[in-house]
Amino acid sequence: MKVEAINLAKSFGSKKAVDDLSFTLNEGSVTGFLGPNGSGKSTTLRLMMGLDHGSGQTLFDGKPLGQYKYVTKVVGTHLDAKLFHPNRTARDHLRMIATESGVSKKRVDEVLELMGLQDVAKKRPKGFSLGMAQRLGLAGAVLAEPNVLFLDEPANGLDPA
């Protein structure tokens, strides 16, 4: 899937976080953003997903993300290690995500196993370590087997294994 970011821009007051940024991501490529804290990497991803107000647009195979019926089958995201309801179990968190794209309960269990979370599937993630929370976030990102992944600091807090 080809992803085109076109003239993305976002300011916080007088500070430009993203300034007229355009680029193309081609199918099969791995692309990383490098830069110091506050340089606009996360803001760019949020703009691309339509989660931040700014200007410009992002097209996924020539269409805005909102034109797709199942967004999570187009792009899987993991933008924040602690983005889950603290009182919902890990399995229920993934089931909630699965509902949006018609993903089966069987796939939820497959992803829990893939990420090494089967032993904590019935636990609430509010007590998870950063690494466990990261794995739950990554599980949510790959759950619907999307064409594209947007991952913000995906290795943060993970053990090398």
Requested in this report: Go through Asp109 and Lys106 one step at a time and tell me if the salt bridge (charged side-chain N to carboxylate O under 4.0 Å, His left out) criterion holds.
Outcome: CA-CA 5 Å; Asp109 290 332; Lys106 180 182 175 194; over 6 Å; no
Between Thr31 and Phe23, is the side chain to side chain contact (heavy atoms under 4.5 Å, CB included) condition met? List the steps.
CA-CA 11 Å; Thr31 303; Phe23 57 89; 5.8 Å; no
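There is no path of hydrophobic side-chain contacts, each under 4.5 Å, that joins Met49 to Ile97. Both Leu112 and Leu114 are assigned to one and the same hydrophobic cluster, defined by single-linkage of ILVMFWY side chains at heavy-atom distances under 4.5 Å. Hydrophobic cluster membership is shared by Leu158 and Phe128, with clusters built from Ile, Leu, Val, Met, Phe, Trp and Tyr side chains linked at under 4.5 angstrom. Under the 4.5 Å side-chain heavy-atom criterion for Ile, Leu, Val, Met, Phe, Trp and Tyr, Leu51 and Val71 are members of the same hydrophobic cluster. Leu79 and Val142 end up in different hydrophobic clusters when Ile, Leu, Val, Met, Phe, Trp and Tyr side chains are linked at under 4.5 Å.
Between the side chain of Arg46 and the main chain of Asp52, no donor-acceptor pair closer than 3.5 Å is present. Of the possible donor and acceptor atoms, none in the side chain of Ser29 sits under 3.5 Å from a partner among the backbone N and O of Leu25. Within the 3.5 Å criterion, the main-chain N or O of Glu27 finds no donor-acceptor partner in the side chain of Lys2. Between the Lys41 side chain and the Gly35 main chain, a donor and an acceptor come within less than 3.5 Å of each other.
Summarising the geometry of Gly116 relative to Arg135, their closest heavy-atom pair is O-NH1, 3.3 Å, with the distance given to 0.1 Å. In this structure, Gln57 and Leu59 approach most closely via the heavy-atom pair OE1-CD2, 3.5 Å. Across all their heavy atoms, Thr89 and Pro125 have their closest contact at C-CD, 4.2 Å. Closest heavy-atom contact between Met1 and Tyr68: CE-OH, 3.9 Å. Residues Thr58 and Ala5 approach most closely at OG1-CA, 4.2 Å, considering heavy atoms. Contact between Thr77 and Ala141 at its shortest, heavy atoms only, is O-CB, 3.4 Å.
Within the structure, no pair that satisfies the salt bridge (Lys or Arg N to Asp or Glu O under 4.0 Å) test touches residues 116-126, not counting sequence neighbours.
The OG atom of Ser55 sits 12.0 Å away from the CD1 atom of Ile6 when rounded to the nearest 0.5 Å. Between Arg88 atom CZ and His93 atom NE2 the span is 8.5 Å, to the nearest 0.5 Å. Note that the OG atom of Ser22 and the CD atom of Glu4 stand 9.5 Å from one another [nearest 0.5 Å]. Rounded to the nearest 0.5 Å, atoms NZ (Lys15) and NZ (Lys10) are 13.0 Å apart.
No side-chain heavy atom of Arg91 sits less than 4.5 Å from a side-chain heavy atom of Lys105. Side-chain contact between Met48 and Val75 is absent, with no heavy atoms from C-beta onward closer than 4.5 Å. At a threshold of 4.5 Å between non-hydrogen side-chain atoms, the residues Thr72 and Val103 do not count as touching. Put simply, the side chain of Leu45 reaches to within 4.5 Å of the side chain of Phe33, judged on heavy atoms. At a threshold of 4.5 Å between non-hydrogen side-chain atoms, the residues Leu94 and Leu136 count as touching.
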Just list the side-chain donor-acceptor pairs under 3.5 Å for residues 143-156, sequence neighbours left out, or say none.
from	atom 1	to	atom 2	distance (Å)
Asp152	OD1	Ser42	OG	3.4
Asp152	OD2	Ser42	OG	2.4

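Within a 6.0 Å radius of CG in Asn26, more than 12 heavy atoms belonging to other residues, nucleotides or ligands are found.
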